[in-house]
Amino acid sequence: MSSHPSSSDPGGAASSAFHRLHPQVRRWVWTQGWKELRGIQEAAIVPILEGTQDVILSASTASGKTEAAFLPICSRLAEDAGGSVRAIYVGPLKALINDQFERLDGLCDGLHIPVHRWHGDVSQGHKARLLQSPAGILLITPESLEALFIRQGSALAGLFSGLEHIVIDELHAFIGTERGCQLQSLLHRVELSLRRTVPRVGLSATLGDMSLAAEFLRPGAGAKVRLCNSDSGGGELLLQLRGYRKRAPDARTPEEDEEPTDGPPEDEHDVGAHLFKTLRGTHNLVFANSRANVELYADLLRRRCEDARLPNEFFPHHGNLSKELREEAEAALKAKQRPVSLVCTTTLEMGIDVGSVQSIAQVGVPPSVSSLRQRLGRSGRKGGPSVLRLYLQEAELTSTSPLPDQLRVRLVQSVAMLELLLTNWFEPPASGAFHFSTLVQQLLSLIAQHGGVKAGEAFLALCHEGPFARVSREDFVRFLRGLGQRELLSQSSDGTLLLGSVGERLVNHYSFYAAFASVEEFRLVAGGRTLGTMPFDQPLFVGAYLIFGGRRWRVLAVQGDEKVVELEPAPAGRVPVFEPTGVGRVHDRVREQMRAIYAGEGLPRYLDARALELLAEARATFQRWRLGERSIVASGMEVHVFPWAGDAVVHTLALALQARGLSVQTLGPVLSVAGPQADVEGALRALVAEGPPRAESLTRHVENMALEKHDGFVPEDLLARDYAARYLDVEGAWRVARQVLQ
DNA sequence: GACCTGCTGCGGCTTG
């Protein structure tokens with residue numbers, strides 16, 4: 001960014017917008033010693049000052065987005081900030097709200113604009129003071145805003161009567177989620193109670209398709225949202241993908257158990273050795289995908305420090321660690337007084353500012369291109385290059401190695417993701433869900449707010465013009481009937497909806513304010529013996545494989561009500577993969593790119609020697625099986641189908657084949673079906689001939705469709721529709737079915 | 001075998 005050495009005016013000669021800020025606000029900018037406003041700050045002034053438009057401010061982390069929103073907002077409030085809350089800021093994290101509170105307080109202090117924060121850790125005294133004399137800016141979480149509706153329902157309109165601005169921070173973190181849907185509903189309900197709209201400002205990291213973000217910010221009128229984008233542009237990127245070989249796990253089955261070995265296996269030591277050698281002495285983030293791996297690598301690196309008689313530089317950071325430990329680690333990284341690297345899960349992907357780091361390490365397959373991009377954004381900010389090192393382990397092949405291992409799908413998927421990252425593509429946020437679980441919450445909340453509502457009013461408020469616009473009147477009636485049967489609702493003689501006994505209990509517990517569920521632990525049982533518990537927040541199928549307690553198991557049955565999963569030891573030789581080929585849902589585009597890499601000959605320059613070897617093996621397997629020419633191959637008693645499509649298509653095909661009585665297992669990009677090839681091809685041909693079914697009909701074999709918090713109260717058919725909209729792609733699956741038969 | 005986020009009112013205690 002260039003500076004204006006000839007001028008001490010932060011607005012610069014070209015800026016007319018700066019002069020439209022309140023004199024006191026301009027003075028604050030001068031006292032900060034800023035040479036000029038950043039592009040995004042400049043661009044935001046006029047649209048926010050006018051106060052008639054919704055705005056999205058999109059720029060990379062630490063680009064001054066908060067100030068961009070609040071310089072003009074404070075200019076508007078500088079003369080008079082009283083009477084009611086005048087601006088609401090919604091943040092996804094308490095820590096972020098605390099950060100922003102400190103920053104805003106400095107700006108607002110001289111302007112006599114009160115700043116209040118409101119979340120679970122704020123004392124009741126502070127909250128009571130705001131309720132007594134509401135004024136200025138309120139920083140709040142979606143959950144605390146929910147609590148305000150339920151606890152202060154009748155006082156809400158007065159509390160917010162003079163509200164002029166709503167700011168949503170980290171907008172991208174809300175899009176497509178239950179929590180985001182809850183926030184949309186709460187903001188809509190604020191406007192309903194004020195009987196007017198309030199302009200919204202969304203702050204976000206750079207998003208690919210801005211129209212999705214705009215539609216999220218103002219449902220139904222996304223096209224009218226003003227977009228202010230300050231893409232600082234991709235700087236230089238230094239990239240390396242390092243391959244490692246790992247002993248095949250197939251040798252170890254539950255029948256022939258061994259003593260657990262001490263410490264991590266050799267292969268992790270190799271990865272650890274390189275991490276230690278390259279990261280020590282500087283500041284870095286190591287993303288390790290799971291809490292278990294975070295602990296493993298943090299421990300391994302700490303011991304290397306001890307061995308070298310160095311003070312420890314490596315600390316773990318994940319959601320199960322205490323707040324104190326996490327804050328200590330964050331502070332150490334930010335202080336920059338001595339070298340510190342944090343080994344973390346997604347905790348450090350967004351939110352609080354830890355300053356920029358020298359490099360990013362990713363151990364294992366990245367969850368998605370967009371998260372890779374987000375992680376990369378943490379490195380090399382001040383003009384320097386971003387550095388990304390990817391560490392990938394593939395199993396040593398044996399005579400019984402399953403096809404996905406031979407195909408090195410983890411390595412190839414990672415290369416595909418890096419290639420897509422380099423072309424600046426990344427996955428759009430999820431869309432299409434109905435969010436019935438959050439509709440349960442919002443309906444109960446609406447009733448609690450007003451003491452009772454008519455069904456027609458609720459439909460208008462939540463569905464017709466609210467965030468649940470895709471729910472039809474007929475569906476809403478069925479939905480209400482279902483909630484009535486489950487005693488969440490009751491109806492008075494004049495037709496008013498009231499809370500039923502179960503609804504009353506739900507709403508009166510503080511856990512009701514969050515739209516997302518705490519992960520439920522399932523009890524794992526094998527041969528009548530309880531092995532332990534494990535959290536499941538993903539669909540679970542009979543026949544699925546999992547690893548627990550260092551052993552491999554196959555799911556025999558799922559008892560959703562009792563939260564019990566029955567297991568049997570996985571048969572020897574049928575153990576498919578050492579670790580998941582990717583976490584989360586893989587996009588069509590990534591799998592298409594994988595096929596191109598298998599079929600191609602190019603050697604990406606960022607691969608090390610071992611990774612090149614593994615890629616060569618992958619391509620040799622692809623050639624040997626002639627997968628460039630055919631998508632169905634038989635191997636022993638199994639048939640492998642390669643749709644080269646994303647998880648939604650793979651999952652849909654698996655369910656469709658299961659519905660025809662076949663035993664199907666999905667292994668990353670591959671569907672493995674038991675039986676002769678002719679049967680599988682026959683089944684696929686029959687599917688194509690029948691044509692695509694209604695997506696809901698395929699959910700018959702899904703054991704636990706109720707994944708979101710209140711899904712258990714949602715009528716089965718509506719739940720099936722929500723599930724299909726989130727996880728299935730019938731059109732895509734039938735297109736692929738036609739292709740693989742050619 | 002993914003990960004992350006959030007939470008009120010009140011009773012009972014100590015301390016100034």
Side-chain angles (χ1 to χ4, degrees), chain A residues 90-97 118-125 127-128 140-152 169-170 172-174 177-180 182-183 186 249 287-294 296 317-321 323 326 344-352 362-368 370-371 374-375 441 445 448 506-519 521-522 524 531-540 544-555 565 567 570 575-586 647 707 709:
Chain A
V90 184
L93 305 171
K94 289 187 286 191
L96 188 60
I97 285 176
W118 187 310
H119 56 63
D121 298 344
V122 173
S123 75
Q124 291 190 34
K127 293 176 180 174
I140 194 165
T141 60
E143 289 73 21
S144 285
L145 191 54
E146 184 74 66
L148 270 180
F149 270 96
I150 291 168
R151 304 280 157 195
Q152 314 287 336
D169 205 354
E170 304 276 8
H172 57 278
F174 289 110
T177 68
E178 295 304 314
R179 204 181 184 200
Q182 173 190 28
L183 179 57
L186 292 172
F287 289 93
N289 284 359
S290 70
R291 289 183 290 243
N293 275 340
V294 163
L296 186 142
H317 193 282
H318 60 71
N320 279 17
L321 285 178
K323 198 176 145 200
R326 285 165 67 173
C344 57
T345 57
T346 56
T347 41
L348 290 172
E349 211 170 90
M350 69 154 201
I352 45 152
Q362 163 73 44
V363 183
V365 188
S368 66
S370 59
S371 78
Q374 191 92 354
R375 292 170 184 192
Q441 184 206 34
S445 170
L506 274 179
V507 170
N508 285 330
H509 194 265
Y510 63 83
S511 61
F512 180 72
Y513 306 135
F516 53 87
S518 315
V519 181
E521 299 264 318
F522 276 65
L524 304 183
L531 303 170
T533 62
M534 205 165 136
F536 281 103
D537 46 8
Q538 295 215 327
L540 192 57
Y545 288 84
L546 60 90
I547 304 173
F548 187 80
R551 299 178 184 183
R552 280 141 202 293
W553 307 90
R554 187 173 169 275
V555 175
V565 181
L567 303 175
V575 177
V577 276
F578 146 69
E579 66 168 33
T581 53
V583 281
R585 290 146 68 192
V586 180
D647 281 347
L707 295 172
K709 189 173 185 180

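Proteins come first, then strands; the chains are lettered A, B, ... in the order of their sequence lines, and each starts at number 1. Note that the structure is predicted; figures quoted are calculated from it, not measured.
- With sequence neighbours excluded, the residues forming a salt bridge (Lys or Arg N to Asp or Glu O under 4.0 Å) with Lys94(A) are Asp121(A), listed by chain and number.
- Side chain of Asp647(A) to main chain of Val586(A): a donor-acceptor pair is present (N/O by atom type, distance under 3.5 Å, no hydrogens or angles).
- Scored by the side chain to side chain donor-acceptor pair (under 3.5 Å) test, His317(A) finds Glu330(A), Thr347(A) as partners (sequence neighbours excluded).
- Going from atom CG of Asp169(A) over to atom P of dT5(B) covers 16 Å, rounded to whole Å.
- The side chain to side chain donor-acceptor pair (under 3.5 Å) test applied to His172(A) returns Glu170(A), Ser204(A), Gln374(A), not counting sequence neighbours.
- Residues that satisfy the salt bridge (Lys or Arg N to Asp or Glu O under 4.0 Å) test with Arg179(A), not counting sequence neighbours, are Glu143(A).
- In this entry the distance linking CG of Leu183(A) with P of dT5(B) reads 18 Å, nearest Å.
- Straight-line distance from the NE2 atom of His172(A) to the P atom of dT5(B): 14 Å, rounded to whole Å.
- Take Thr177(A) and apply the side chain to side chain donor-acceptor pair (under 3.5 Å) test, not counting sequence neighbours, and it matches no residue.
- Gln374(A) places its CD atom 13 Å from the C1' atom of dC3(B), with the value rounded to the nearest Å.
- Leu707(A) has its CG atom 16 Å from the P atom of dC3(B), to the nearest Å.
- Taking atom CG of residue Leu96(A) and atom C1' of nucleotide dG6(B), one finds them 14 Å apart after rounding to whole Å.
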Identify each atom pair where a protein N or O and an N or O of nucleotides 7-16 of chain B are less than 3.5 Å apart, giving names and distance.
| from | atom 1 | to | atom 2 | distance (Å) |
| --- | --- | --- | --- | --- |
| dC7(B) | OP1 | Gly120(A) | N | 2.9 |
| dC7(B) | OP1 | Thr141(A) | OG1 | 2.9 |
| dC7(B) | OP1 | Ser144(A) | OG | 2.8 |
| dC7(B) | OP2 | Gly120(A) | N | 3.1 |
| dC7(B) | O2 | Tyr510(A) | O | 2.6 |
| dC7(B) | O2 | Ser511(A) | N | 3.2 |

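- Counting to the nearest Å, the C1' atom of dG6(B) and the CZ atom of Arg326(A) are 12 Å from each other.
- Distance Glu170(A) CD to dG6(B) C1': 16 Å, rounded to the nearest Å.
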